[in-house]
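Notes for the one structure printed next.
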There are 2 protein chains.
Amino acid sequence: MPKLGMEPIRKAALVKAAIVEIGRAGSLDVTVGQIARRAGVSTALAHHYFGSKETLFLAAMRHVLALYGAEVRGALAVARGPRGRVQAIVAASFSPANFRREVVGAWLNFYVLAQTVPQARRLLTVYQRRLQSNLTHALRPLAGARAPDLALRLGALIDGVYLRQALTTDAPDGAAAVATVMAALDCALQEERS
Amino acid sequence: MPKLGMEPIRKAALVKAAIVEIGRAGSLDVTVGQIARRAGVSTALAHHYFGSKETLFLAAMRHVLALYGAEVRGALAVARGPRGRVQAIVAASFSPANFRREVVGAWLNFYVLAQTVPQARRLLTVYQRRLQSNLTHALRPLAGARAPDLALRLGALIDGVYLRQALTTDAPDGAAAVATVMAALDCALQEERS
DNA sequence: AGGTTAATTGACTTGTCAATCAACAAAAAC
DNA sequence: GTTTTTGTTGATTGACAAGTCAATTAACCT
């Protein structure tokens with residue numbers, strides 16, 4: 001049965017399964033067995049490729065963060081004008097891919113993981129810094145010296161709206177989320193002009 | 001050794017110990033043994049009074065939420081003017097008691113608990129609704145019909161700023177947090193006036 | 001004094017799960 | 001055609017933790 005070149009395929013499947021299981025369970029209390037079963041392999045294989053549950057979790061985090069980063073870059077590439085760039089970042093944060101219940105649940109638990117696992121914290125910190133930096137650059141032409149402060153505010157607002165999604169039973173509404181954040185932006189810009 | 005009327009004392013001690021341990025561990029992965037030891041009792045006693053780990057966690061949540069609610073009410077009682085009322089709510093959210101690392105860590109994990117335990121979700125939902133309602137009432141004289149929308153935005157911003165505290169290694173800075181939120185408020189009010 | 005009740009615990013049961021290991025299958029290399 | 005490498009798993013181990021129980025101590029009541 002063994003075919004060659006399985007490693008990347010299995011790893012990818014396990015990472016994806018881990019995200020799904022964490023999202024479904026809404027907790028990091030998922031067994032390697034659950035993840036492996038969903039990926040269609042044995043627990044031993046999961047350990048074979050990742051060495052430990054923690055490593056697998058970290059790989060899952062990296063995957064989610066990478067997806068998000070790619071989405072932001074993609075949206076930025078086609079965005080026009082400073083305000084368009086900000087909107088691109090916000091919209092990417094609430095894109096259907098990132099704003100699904102299971103993904104939000106996984107994010108929430110990655111925050112928890114970051115409390116205990118230094119490497120997880122580092123990953124999240126890097127993400128946050130990059131978001132902050134992206135927002136600041138996009139805001140610079142609009143808000144000048146106040147750009148960093150505004151970026152902080154908008155970044156926190158994005159996180160907050162995201163977090164609240166974890167509580168509501170309703171289906172996620174990305175458009176409404178974007179509208180909320182963009183309204184805050186416009187109000188800040190109006191303040192700027194005056 | 002047994003003195004009478006221990007129940008409320010033990011329960012309180014266990015609840016407090018649970019919050020501390022959850023905050024310290026940064027995760028719900030704390031054993032009843034750890035909590036009991038910190039409270040100075042045996043694991044059996046913890047089960048005797050609470051019946052299950054989950055019930056103990058729910059009691060801890062209720063305690064944190066009650067503390068927060070009391071702080072908000074207290075601040076509202078002495079606040080003057082509509083803007084003062086908003087500031088009171090915000091300041092209570094970032095008061096030294098609520099903005100300590102361990103408490104923030106506990107909050108974060110209560111969000112996680114709410115993913116799995118319906119009653120935990122109900123508790124958090126009630127808190128959020130009350131915060132929303134308080135903010136809306138305070139904002140009504142300032143923002144009129146836009147009060148609900150603004151309350152939503154400010155509420156999410158509070159949550160976001162709070163969440164970010166869970167990641168930084170720095171000591172919490174409640175004043176800066178309040179400033180961030182109040183800046184957003186002022187900017188929205190300025191928009192209103194124009 | 002004797003019975004009831006609250007407080008308290010150590011020992012035990014039961015279950016679970018991460019991680020390991022020994023073994024097997026097939027492709028590749030020689 | 002044997003040997004090595006890669007993929008794969010069932011079975012096992014060792015640790016740990018939630019929840020139970022029977023037994024103990026002391027206060028309270030009458």
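To find a chain, count down the sequence lines: A is the first, B the second, and so on, and within it residues start at 1.
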Report task. Give the B/S/- string for nucleotides 15-22 of chain D, one per nucleotide from 5' to 3', where a protein heavy atom under 4.0 Å of the base yields B, of only the sugar-phosphate yields S, and otherwise -. Result -> --SSBBB-

Requested in this report: Would you please name every residue forming a ring-ring contact (aromatic ring centres under 6.0 Å, His included) with Phe94(B), sequence neighbours left out?
Outcome: Phe99(B)

Report task. Identify, with sequence neighbours excluded, every residue that meets ring-ring contact (aromatic ring centres under 6.0 Å, His included) alongside Tyr68(A). Result -> Tyr127(A)

Report task. Give every residue pair that meets the salt bridge (Lys or Arg N to Asp or Glu O under 4.0 Å) criterion with at least one member in residues 122-145 of chain A, sequence neighbours excluded. Result -> none

Requested in this report: Name all residues meeting the salt bridge (charged side-chain N to carboxylate O under 4.0 Å, His left out) criterion together with Arg164(A); count only those two or more places apart in sequence or in a different chain, and write none if there are none.
Outcome: Asp159(B)

**Report entry** With Arg37(A) via side chain to side chain contact (heavy atoms under 4.5 Å, CB included) - residues at least two apart
**Finding:** none

**Report entry** With Ala97(B) via side chain to side chain contact (heavy atoms under 4.5 Å, CB included) - residues at least two apart
**Finding:** Glu71(B), Ser95(B)

Round to the nearest Å and state the distance from [X] atom [atom1] to [N] atom [atom2].
{"X": "Met6(A)", "N": "dA28(C)", "atom1": "CE", "atom2": "P", "result": "12 Å"}
{"X": "Glu7(B)", "N": "dA27(D)", "atom1": "CD", "atom2": "P", "result": "18 Å"}
{"X": "Lys11(B)", "N": "dA6(C)", "atom1": "NZ", "atom2": "C1'", "result": "14 Å"}
{"X": "Leu45(A)", "N": "dC24(C)", "atom1": "CG", "atom2": "P", "result": "18 Å"}
{"X": "Ile9(B)", "N": "dA6(C)", "atom1": "CD1", "atom2": "C1'", "result": "13 Å"}

Query raised in the report: Do the side-chain N or O atoms of Arg10(A) get closer than 4.0 angstrom to the phosphate oxygens (OP1, OP2) of dT8(D)?
Result: yes

Report task. Ignoring backbone atoms, establish whether Tyr49(B) has a side-chain N or O less than 4.0 Å from OP1 or OP2 of dA7(C). Result -> yes

Query raised in the report: Going by heavy atoms in the side chains, are Arg121(A) and Thr169(B) under 4.5 Å from each other?
Result: yes

Give every donor-acceptor pair under 3.5 Å between a side-chain atom in residues 7-28 of chain A and any protein atom, sequence neighbours left out.
unit_1   : atom_1 : unit_2   : atom_2 : d
Glu21(A) : OE2    : Arg38(A) : NE     : 2.4
Glu21(A) : OE2    : Arg38(A) : NH2    : 3.0
Ser27(A) : OG     : Asp29(A) : N      : 2.6

Report summary line: Under a 4.0 Å heavy-atom cutoff, the residues of residues 19-27 of chain B touching DNA chain D are none

Query raised in the report: Which part of the nucleic acid, if any, lies within reach of Phe50(A) when heavy atoms closer than 4.0 Å are counted: base, sugar-phosphate only, or nothing?
Result: nothing

**Report entry** Between Ser133(B) and Thr136(B), a side-chain donor and acceptor under 3.5 Å
**Finding:** no

